[in-house]
Amino acid sequence: MTIRPRRSALYMPGSNARALEKARSLPVDVLIFDLEDAVAPALKQAARAQVVAALRAGGYGPREIVVRVNGASTDWGHDDLVALACAGADAVLLPKVGAPEDILRAARELREAGAPEGLRIWAMMETPIAILNADSIVRTATDPASRLSALVMGVNDLAKDTRGRLTRGRATMLPYLAICVAAARAYGVDILDGVFGDLTDEAGLIAECEQGRDLGMDGKTLIHPAQLAIANRAFAPSDAEIILAHRQIDAFDAAVSLGQGVAVLDGKIVENLHILTAKALLAKAKAIVQSEDAR
């Protein structure tokens with residue numbers, strides 16, 4: 001299976017031509033061209049046309065291109081999907097997903113519009129009903145026709161709708177984040193953490209990236225290019241982790257050659273589950289290097 005790094009995912013307004021141009025040179029894994037929250041109603045159609053033109057022009061290299069469309073209940077949602085079906089994006093990001101039907105409806109509309117099989121669907125998990133229905137929503141990924149391949153947490157909307165406060169450490173959000181991580185892992189999709197809104201608080205961003213990583217997130221959504229380096233670093237294997245992974249594999253292989261089922265490294269047991277984790281870490285590190293070299 002091809003590993004695609006998703007350490008950093010930067011939201012960019014679809015109505016901002018300069019931003020779409022600048023995106024071609026940014027050190028980012030994923031670009032999310034936004035047609036929803038970042039675009040005023042009067043500019044929706046023009047932004048859609050501008051994003052489609054940018055996609056067709058290309059020049060984004062290995063960066064994964066995702067377009068957040070407007071919701072199905074809006075005046076623009078269906079037309080967004082039709083316009084993007086064959087425009088060259090890697091995925092469309094559906095806002096306010098609340099039930100499996102939301103995924104399946106979008107997949108059907110994309111198929112009817114002629115979308116290639118490779119065009120994926122990402123789902124925003126940003127409402128209380130999405131959290132309650134996380135299992136059934138993400139279970140749709142077991143059907144290839146659903147196109148679902150990633151979840152994106154919308155912590156600001158979750159805080160608004162649950163009336164929880166976004167305090168440092170995100171104690172109020174942790175249950176919702178953990179539920180969605182479990183659903184993502186159960187059904188084999190990636191999951192990206194929500195945004196960190198304080199551009200002046202570097203320490204806070206570092207802490208939140210590390211928290212998301214430790215929860216099991218694959219990366220973080222961001223609102224400014226200045227946040228990219230921190231997310232890229234936090235969600236990439238460190239040099240120490242890479243060295244340890246190699247040592248674990250070597251120790252385990254040596255133990256197996258002697259007819260033993262486990263190894264001991266630095267006083268700690270190394271079993272097959274550790275080797276699977278180590279190999280996954282090394283594969284991710286390799287994919288990151290290849291992606292960065294291709295920019």
Side-chain angles (χ1 to χ4, degrees), residues 1-10 26-31 60-64 66 90-91 120 122 141 149-153 174 177-178 180-193 196 202-203 205-222 225 227-295:
M1 185 180 76
T2 302
I3 297 174
R4 196 153 194 179
R6 290 167 174 160
R7 301 165 297 167
S8 53
L10 180 64
L26 292 175
V28 65
D29 290 337
V30 182
L31 293 163
Y60 292 101
R63 298 165 187 83
E64 191 168 13
V66 180
D90 293 295
R120 313 312 297 164
W122 290 19
S149 64
L151 307 179
V152 177
M153 298 306 302
L174 290 180
L177 297 173
C180 291
V181 168
R185 297 299 166 238
Y187 300 113
V189 306
D190 276 0
I191 179 168
L192 303 186
D193 201 355
F196 182 79
E202 182 175 299
L205 175 60
I206 292 171
E208 200 164 287
C209 284
E210 292 176 348
Q211 181 192 56
R213 176 199 65 200
D214 293 348
L215 278 170
M217 301 281 183
D218 295 288
K220 191 165 184 65
T221 49
L222 309 165
Q227 298 177 318
L228 291 174
I230 289 173
N232 284 340
R233 183 169 58 250
F235 287 95
S238 67
D239 291 343
E241 288 172 326
I242 291 171
I243 291 170
L244 177 60
H246 282 296
R247 292 182 65 223
Q248 287 175 324
I249 293 170
D250 290 344
F252 188 77
D253 287 347
V256 170
S257 71
L258 297 175
Q260 301 169 358
V262 299
V264 178
L265 179 66
D266 300 334
K268 298 179 181 178
I269 293 293
V270 178
E271 302 177 86
N272 189 56
L273 67 90
H274 299 108
I275 301 309
L276 293 175
T277 300
K279 289 182 176 179
L281 182 144
L282 294 176
K284 181 177 182 179
K286 181 179 179 181
I288 289 170
V289 170
Q290 292 174 336
S291 179
E292 291 180 342
D293 287 346
R295 285 179 191 159

Participant: Which distance, rounded to the nearest 0.5 Å, do you find between the OH of Tyr60 and the CG of Asp90?
Facilitator: 12.0 Å
Participant: Check for a donor-acceptor pair, side chain of Arg233 on one end and backbone N or O of Ile206 on the other, with a separation under 3.5 Å.
Facilitator: no
Participant: Please report the shortest heavy-atom distance between Leu151 and Cys180, naming the atom on each side.
Facilitator: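 What the structure gives for the nearest pair is CD1-O, 3.9 Å.
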Participant: In the structure I gave you, are the side-chain heavy atoms of Lys220 and Val152 within less than 4.5 Å of one another anywhere?
Facilitator: no
Participant: Do Ser257 and Asp253 come within less than 4.5 Å of each other through their side chains, counting heavy atoms only?
Facilitator: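 Ser257 vs Asp253: side chains apart.
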Participant: Please check if the side chain of Thr221 supplies one atom and the backbone of Asp193 the other of a donor-acceptor pair under 3.5 Å.
Facilitator: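 Between the backbone of Asp193 and the side chain of Thr221 there is a qualifying donor-acceptor contact (under 3.5 Å).
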Participant: Which distance, rounded to the nearest 0.5 Å, do you find between the CG of Asp239 and the CG of Leu244?
Facilitator: 12.5 Å
Participant: Does Asn232 use its side chain to pair, donor to acceptor, with the backbone of Pro27 at less than 3.5 Å?
Facilitator: yes
Participant: Would you say Arg185's side chain and Gly216's backbone share a donor-acceptor pair under 3.5 angstrom?
Facilitator: yes
Participant: Inspect the contact between Arg247 and Asp266 and indicate whether a charged nitrogen and a carboxylate oxygen are less than 4.0 angstrom apart.
Facilitator: yes
Participant: Under 4.5 Å between any side-chain heavy atoms of Phe252 and Leu265, yes or no?
Facilitator: no
Participant: Is Leu177 close to Met217 at the side-chain level, that is, under 4.5 Å between some pair of heavy atoms?
Facilitator: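 A side-chain contact under 4.5 Å exists here.
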Participant: Has the side chain of Arg295 got a donor or acceptor atom that lies under 3.5 Å from a matching backbone atom of Arg63?
Facilitator: no
Participant: Measuring from atom CD of Glu210 to atom CG of Leu205, what distance do you get when rounded to the nearest 0.5 angstrom?
Facilitator: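 It is 9.5 Å, given to the nearest 0.5 Å.
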Participant: When rounded to the nearest 0.5 angstrom, what is the spacing between OG1 in Thr277 and CD in Glu241?
Facilitator: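 Taking OG1 in Thr277 and CD in Glu241, the distance rounds to 11.5 Å.
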Participant: Under 3.5 Å, is there a donor-acceptor pair between the side chain of His274 and the main chain of Glu271?
Facilitator: yes
Participant: Say you draw a straight line from CG of Leu222 to SG of Cys209; how long is it, rounded to the nearest 0.5 Å?
Facilitator: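 Separation between the atoms: 6.5 Å.
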Participant: In terms of heavy-atom contacts, does CD of Glu202 have more than 12 from other residues, nucleotides or ligands at under 6.0 Å?
Facilitator: no
Participant: Would you mind telling me which of Arg6, Arg4, Arg120 makes a salt bridge (Lys or Arg N to Asp or Glu O under 4.0 Å) with Asp190?
Facilitator: Arg6
Participant: Can you check whether Phe235 reaches Ser8 side chain to side chain, under 4.5 Å on heavy atoms?
Facilitator: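 Side chain of Phe235 against side chain of Ser8, heavy atoms only: no contact under 4.5 Å found.
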Participant: In terms of heavy-atom contacts, does CG of Asp293 have more than 12 from other residues, nucleotides or ligands at under 6.0 Å?
Facilitator: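 Yes.
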Participant: Determine whether Leu282 and Ile249 make a side-chain contact, defined as any pair of heavy atoms from C-beta on separated by less than 4.5 Å.
Facilitator: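 Yes, close enough: below the 4.5 Å cut-off.
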Participant: Salt bridge between Asp29 and Arg7, side-chain N to carboxylate O under 4.0 Å?
Facilitator: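 Salt bridge: yes.
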Participant: Side chains of Val30 and Trp122: does their closest heavy-atom pair fall under 4.5 Å?
Facilitator: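 Touching, per the 4.5 Å side-chain cut-off.
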Participant: How many angstroms lie between CD in Glu292 and CD in Gln290, if you round to the nearest 0.5 Å?
Facilitator: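 One gets 11.0 Å once the value is rounded to the nearest 0.5 Å.
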Participant: Where is the tightest heavy-atom contact between Ala234 and Arg213, given as atom of each residue plus distance?
Facilitator: O-CD, 2.9 Å
Participant: Keeping the roles fixed (side chain from Asp218, backbone from Ile191), state whether a donor-acceptor pair exists under 3.5 Å.
Facilitator: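 It does hold such a pair.
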Participant: In chain order, what residues pass the side-chain hydrogen bond (donor to acceptor under 3.5 Å, both in side chains) check against Tyr187, with sequence neighbours excluded?
Facilitator: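 Here the qualifying residues are Asp135, Arg139.
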